[in-house]
Amino acid sequence: MSLPMTFSPEVEAARAGRRPIVALESTIITHGMPYPQNVETARRVEAEVRRTGAVPATIAVLAGRVHVGLTDAEVETLGQARDVMKLSRADLAYCLATGRTGSTTVAATMIAARRAGIEVFATGGIGGVHRGAEHSFDVSADLRELAETPVSVVSAGAKAILDLPKTLEMLETLGVPVIAVGQDEFPAFWSRCSGLRAPLRSDTPAEIATAHLMRARLGLPGGQLVANPIPAADEIPRDVITPCIETALAEAEAQRLHAKAVTPFLLRRIFELTAGRSLAANIALVLNNARLAARLAAEIVRQRG
Ligand code: PSU
Ligand code: MN
């Protein structure tokens, strides 16, 4: 029995021609942004990848099959659907086995990308160690996935709703390279700076590609976290976003939210508290990550020769 996986014609052709491909996730569509901006953004991100010379492969599970590359109609349906599972490492196989539909988080998208032979993936911000994790034990499965699955993930860092110092410590423990792009500081998703120094820095996609290939030569499992700061024109200054994050976190705590519900709730509340500014920034940073990911994918293809 083989893995139920369907490639879009565009992705199939890119695979055959060994052209650069960038994986894109779908939880950001179903749980990360409101309709219709989620669908518009998904399409704009795909267009940005194409414009930069790579082929986009948005990944989701539709009726028990992993789809690598979605049609416009499939993105639209997913963007409006209500009962979609939010899939991580723990529930991907179950969703396929039961014929259900689910969107893939960073962790599940990495697993599917690897099976599809795709090495570069662009998202907004990864999950990480939540604030208060010493009590809640809420640590995103995205971190462990980065330690195990050899895909380079281009993000704007970890979402700033998280405990960023603890997230960086955990990534170090797990042996995940965290590479800030073009600056020394680890970016904070909606803001360029976090006040935390990133462990590694790189200023060119070529260097990040070389490091990606070098890890394979060393026989190391796991991927790289490429932390690409949001463009300056689009960022929300930290002193503006911080009170909104604190309010949303206090509400989540009062409502005793846990597990998969936490991150979607916080993103939605911060959207409301910033009067939509957080969404505009989120869209800008995802587009920026898509561009870098396309360049990185092209470099990997070029350097592999
Ligand atoms: N990036 C965004 N918005 C999102 C996400 C990433 O800009 O909604 C999603 C990713 O799918 C990531 C998930 O894996 O949030 C993290 O969820 P959790 O904290 O429950 O692990
Ligand atoms: Mn969690």
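Counting convention: from 1, in listed order, for ligands and their atoms alike.
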| Counting from 1, what ligand 1 atoms have a heavy atom of Phe189 closer than 4.0 Å? | 7 (O)
| query | Mind checking whether Gly125 has an N or O less than 3.5 Å away from an N or O of ligand 1? | reply | yes
| query | Any chance the side chains of Thr123 and Ser155 put a donor and an acceptor closer than 3.5 Å? | reply | no
| said: Checking Glu25 against Ser103: is there a side-chain donor and acceptor pair closer than 3.5 Å? | reply: no
| said: Could you check whether any heavy atom of His31 sits closer than 4.0 Å to an atom of ligand 1, since that is the contact criterion I want to use? | reply: no
| request: Flag yes if more than 12 heavy atoms outside Glu253 fall under 6.0 Å of its CD atom; otherwise flag no. | output: no
| request: Could you tell me the residue and atom name of the protein heavy atom closest to atom 19 (O) of ligand 1, and the distance to it rounded to 0.1 Å? | output: Thr263 OG1, 2.7 Å
| request: Give yes if a backbone or side-chain nitrogen or oxygen of Val106 is under 3.5 Å from a nitrogen or oxygen of ligand 1, and no if not. | output: yes
| field | Atoms in ligand 1 with a heavy atom of Lys159 nearer than 4.0 Å | value | 1 (N), 4 (C), 5 (C), 6 (C), 9 (C), 12 (C), 13 (C), 15 (O), 16 (C)
| atom 3 (N) of ligand 1: nearest protein contact (heavy atom, Å) | Ile28 CG1, 3.6 Å
| field | Results of side chain to side chain donor-acceptor pair (under 3.5 Å) for His212 - residues two or more places apart only | value | Glu119, Ser152
| What are the atoms of ligand 1, with element, lying closer than 4.0 Å to any heavy atom of Thr123? | 1 (N), 6 (C)
| field | Distance filter under 4.0 Å to Gly32 heavy atoms, resulting ligand 1 atoms | value | 8 (O)
| Which residue and non-hydrogen atom of the protein lie closest to atom 10 (C) of ligand 1, and at what distance in Å? | Glu25 OE2, 3.2 Å
| said: As a check for students: among Val286, Ile283, Val262, Asp142, identify the option with a heavy atom nearest to atom 12 (C) of ligand 1. | reply: Asp142
| field | Under 4.0 Å to a heavy atom of His130 - the qualifying atoms of ligand 1, by number | value | 19 (O)
| said: For Arg131, is there an ion pair with Glu246 - N to carboxylate O distance below 4.0 angstrom? | reply: yes
| query | Any luck finding a side-chain donor-acceptor pair between Ser191 and Glu235 under 3.5 Å? | reply | no
| field | Taking atom 21 (O) of ligand 1 as the reference point, the nearest protein heavy atom with its distance | value | Ser140 OG, 2.7 Å
| said: Can you tell whether the side chains of Arg197 and Glu185 come within less than 4.0 Å, N to carboxylate O? | reply: no
| query | Do Arg50 and Glu46 meet the salt-bridge criterion of a basic N to acidic O distance under 4.0 Å? | reply | yes
| request: For the Mn ion (ligand 2), find the closest N/O/S atom on Asp138 and give its atom name. | output: OD1
| request: Heavy-atom contacts with Asn282 under 4.0 Å: which atoms of ligand 1 show up? List them by number with element. | output: 7 (O)
| task | Can you establish whether the number of heavy atoms outside Glu272 located under 6.0 Å from its atom CD is more than 12? | result | yes
| query | Is the number of heavy atoms from other residues, nucleotides or ligands under 6.0 Å of Arg215 CZ greater than 12? | reply | yes
| Nearest protein heavy atom with distance in Å, relative to atom 20 (O) of ligand 1 | Lys86 NZ, 2.7 Å
